[in-house]
Every structure is written in C-alpha cells, then in structure tokens.
Amino acid sequence: MSDPKPKFLEVYTVLKSELLDDPAFEFADDSRQWVERMLDYNVPGGKLNRGLSVIDSYRLLKDGKELSDDELFLACALGWCIEWLQAYFLVLDDIMDGSHTRRGQPCWFRLPQIGLIAVNDGLILRNQIFRILKNHFRGKPYYVDLLDLFNEVEFQTASGQMIDLITTLQGEKDLSKYSLPIHRRIVQYKTAYYSFYLPVACALLMAGENLDKHTDVKNVLVEMGTYFQVQDDFLDCFGDPEVIGKVGTDIEDFKCSWLVVKALERANEDQKKLLYENYGKADPACVAKVKELYQTLDIQGAFMEYESKSYENITKQIEGHPSKAVQAVLKSFLAKIYKRQK
Ligand code: GPP
Ligand code: MG
Ligand code: MG
Ligand code: MG
C-alpha cells in the first residue's frame with residue numbers, strides 16, 4: 001500500500017485555502033495572513049499519527065482495496081479535522097500547563113504579540129473543524145453522526161482536562177490523594193477518546209458502520225489511549241526533549257502523573273516526605289530531587305513492566321475480536337505506539 005503522507009499533506013493545502021477564502025477575512029488581508037500563519041504554525045507540525053490513522057483504518061476496513069480519489073480525499077479531510085482538533089487542544093493546553101515548547105518550537109502563546117490572542121486562535125481552530133465537515137460531508141448519510149462524534153469527543157476531552165486541572169488543586173493540599181484509579185479516569189478522558197477512538201470511529205462512519213455496534217472496538221482503543229498517555233507521562237520526565245519536541249513540566253505543575261502515583265506506591269515514609277517537600281516546585285533543585293527519587297524507586301523498571309503487561313493485555317483483547325479487518329486496524333495502531341520514544 002502506498003504511503004498516504006504526501007497526499008495527506010496535499011489535502012492540507014486544499015483545506016487551508018478553502019478556509020482562508022472565507023468572507024470573514026474578505027476586507028482585511030491582515031486577518032487572512034494571521035490565520036494562515038497560525039494554521040501553519042500549529043496544525044501540520046506534529047507526527048500526524050491521528051490524522052493518518054483515519055486513512056490507514058479506512059483502507060483496512062475496505063480490505064486493502066485501492067481507494068477512489070474521492071474516498072482518499074475524504075479520509076484525508078477527516079484526518080485533518082482530527083489534527084485541527086489536536087492543534088486547538090494543544091494551543092490551549094500549553095497555556096494551562098504553562099509550557100514553553102511544543103513540537104520543537106516555542107508554544108504559540110509564547111511568541112511575541114500572540115499571548116492570549118492564542119485563546120481566540122484556539123476557538124478559530126475549533127470552529128474550522130465544523131467548516132471542513134460542512135464543506136465536504138454535508139450531503140453524506142453519516143454527516144449527523146460525524147457532527148455528534150466530534151462534539152461528544154470534544155466534551156469528553158474538555159472534561160478530562162478539567163479533572164486533570166482540578167485534581168492538581170487537591171494534590172497540592174494532599175499529595176496522597178493521587179491514585180491509579182484517578183489517574184486512569186483523567187487520561188481516559190483527556191487523551192484516549194480523541195487520540196485513539198476518534199480516528200477509528202471516523203473511518204467506521206465513512207465505511208457506513210453504526211458506531212453503537214462497536215463498543216468493543218471503543219473499549220480496546222480507550223485501553224490503548226490510556227497506555228499512550230502513560231507513555232506521555234513517562235516521556236515528560238525521561239524522554240529526550242530533542243526527540244519529543246517539548247520540555248516536560250509535570251513535576252513543576254504538580255500533575256497527577258503515572259510516575260508520581262507509582263512513586264507514592266513504592267516509597268517508604270522518608271521517601272514520601274521527600275516527595276511532599278519537593279513535588280510541584282519550579283525550583284530545578286527540587287525537580288532534580290524528585291527525579292533522583294524516581295531513579296531510586298526504579299520507576300523506569302515499573303514503567304517497562306507496565307508497558308509489556310499492557311501490550312499483552314491489549315493484544316489479547318484485539319485477538320478476541322470477530323472481524324479480521326478490525327483486528328488489523330487495531331494491531332496497526334498498537335504497533336505504531338509500542339515502545340515509542342516520541
Ligand atoms: C494531554 O495532556 C491532553 C491534552 C493535550 C488535551 C487538552 C484538552 C483541552 C480541552 C485543552 P498533557 O498536558 O500531558 O499533554 P502534553 O504533555 O503534550 O502537554
Ligand atoms: Mg495538560
Ligand atoms: Mg500539557
Ligand atoms: Mg504530558
């Protein structure tokens with residue numbers, strides 16, 4: 001099967017020019033230039049895994065048959081809707097997390113003269129998803145289901161983000177409140193639905209499927225998304241910023257990260273005290289002490305154990321699925337993230 005990436009990137013240019021050709025920007029060329037710069041800075045610069053997965057999944061659901069030009073374009077357009085959604089989330093998440101870098105460049109809101117205009121840019125990105133859908137899917141029998149899917153997943157993600165942020169407030173009062181069930185709830189909502197369920201659900205809708213009949217697929221994908229966010233938590237502390245394109249802030253931000261939950265599980269009273277005293281502080285010396293404790297407690301080893309158990313468990317779930325085409329979709333997704341370094 002041919003590499004879908006060149007075609008996918010081509011479709012970005014088409015969608016972008018359609019969006020820039022909006023009456024809203026007609027009388028002010030500077031507004032069109034602003035949006036173009038904002039899109040180029042925030043939308044296409046990531047790994048594009050979520051977007052490309054729509055095409056891969058749709059192909060597999062079609063049993064590997066060559067797609068028509070029209071089908072390929074539509075699968076790419078849906079993939080880009082997910083990348084637009086991701087860009088919208090990241091622009092806002094970086095403000096909320098006080099991050100500095102993203103995808104190897106400064107966060108959008110950190111650029112001179114951007115600041116909190118980035119909040120409105122997030123809204124523009126969000127609204128453009130529905131303009132793309134309207135432009136290309138309005139006549140399709142699954143249009144209403146697509147709208148409903150994007151709305152539902154956005155709500156789930158915003159809810160996860162809220163739980164992430166308010167859990168931090170509770171942790172600041174009492175770190176011992178952090179636990180695996182709370183962590184699981186956060187990551188399921190803030191990451192798994194939009195990153196894993198959404199691309200496959202888009203492909204299923206395009207293939208004429210009814211999503212209500214695919215709750216088993218959803219469950220596996222949520223499991224995979226959970227595993228993916230545990231990796232994200234791990235890389236936040238132990239990843240190479242040059243490779244992941246961002247400098248971690250979870251320790252400074254007092255996040256309910258998988259690492260701190262595991263550390264709390266493994267620590268003795270003295271080590272817990274050290275954690276209470278140093279977690280959530282911007283001071284690099286405090287951050288270094290937390291990282292040192294993670295080494296002592298072999299959190300890396302705990303992560304590797306989690307990683308292989310989780311892989312086994314997900315593989316078993318996939319192999320229990322009756323459809324070989326669906327199995328192929330899920331396996332290809334899992335292969336893309338297993339032991340990822342970025
Ligand atoms: C990832 O959390 C979750 C999101 C990017 C969803 C944000 C949702 C909003 C409604 C704004 P993270 O903060 O761990 O991601 P990263 O490590 O990439 O900053
Ligand atoms: Mg966040
Ligand atoms: Mg963040
Ligand atoms: Mg993170």
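Counting starts at 1 for both ligands and their atoms, following the listed order. Bear in mind that the values here come from a model prediction, so they are computed numbers and not experimental data.
An angle of 90° is found at the Mg ion (ligand 3) between Asp97 atom OD2 and Asp93 atom OD2, rounded to 10°.
Contact annotation: the side chain of Val230 approaches that of His183 to within less than 4.5 Å [non-hydrogen atoms, C-beta and beyond]. Leu198 has its side chain within reach of Phe150: a pair of non-hydrogen atoms, C-beta onward, lies under 4.5 Å apart.
For ligand 1, the polar-atom distance check finds no N/O of Tyr194 at less than 3.5 Å from any of the ligand's N/O atoms. Considering backbone and side-chain N/O of Asp233, none are found under 3.5 Å from N/O of ligand 1.
For Trp84 and Phe130, the ring centers are positioned 6.0 Å apart or more.
Because the distance cut-off is set at 2.8 Å, Asp236 fails to qualify as a neighbour of the Mg ion (ligand 4), as none of its N, O or S atoms comes that close.
A salt bridge links Glu223 to Arg184: at least one charged side-chain nitrogen sits closer than 4.0 Å to a carboxylate oxygen.
Every atom of ligand 1 with a heavy atom of Thr157 under 4.0 Å away is listed here by number and element: 6 (C), 8 (C). Those atoms of ligand 1 that come under 4.0 Å of a heavy atom in Met96, given as number and element, are 11 (C). Each of the following atoms of ligand 1 lies closer than 4.0 Å to a heavy atom of Asp232: 14 (O), 17 (O). Near Leu90, the atoms of ligand 1 lying under 4.0 angstrom from a non-hydrogen atom of the residue are 5 (C).
Ranked by closest heavy atom to atom 19 (O) of ligand 1, the top entry among Lys246, Arg102, Gln86 is Arg102.
At the top of the distance list for atom 13 (O) of ligand 1, counting protein heavy atoms only, stands Asp97 OD2, 2.7 Å. Here the protein heavy atom with the shortest distance to atom 11 (C) of ligand 1 is Phe89 O, 3.5 Å. Closest to atom 15 (O) of ligand 1 among all protein heavy atoms lies Asp93 OD2, 3.8 Å. The closest protein non-hydrogen atom to atom 7 (C) of ligand 1 is Gln161 OE1, 3.3 Å.
The number of heavy atoms from other shown groups lying within 6.0 Å of OH (Tyr276) is above 12. Within a 6.0 Å sphere centred on CD of Gln295, heavy atoms belonging to other residues, nucleotides or ligands number more than 12.
Using a 4.0 Å cut-off between heavy atoms, Lys190 contacts ligand 1 through both its backbone and its side chain. Residue contacts with ligand 1, taken as heavy atom pairs separated by less than 4.0 Å, do not involve Lys255 at all.
For Gln231 and Tyr227, the side-chain atoms include at least one donor-acceptor pair closer than 3.5 Å. Looking at Gln161 and Asp93, their side chains do bring a donor and an acceptor atom within 3.5 Å of each other. In this structure, a donor-acceptor pair under 3.5 Å is present between the side chains of Asp233 and Gln229.
Residue Asp232 approaches the Mg ion (ligand 4) most closely through its N/O/S atom OD2.
Just one of Tyr294, Phe234, Phe238 meets the ring pair (Phe, Tyr, Trp, His ring centres under 6.0 Å) condition when paired with Phe303; it is Phe234.
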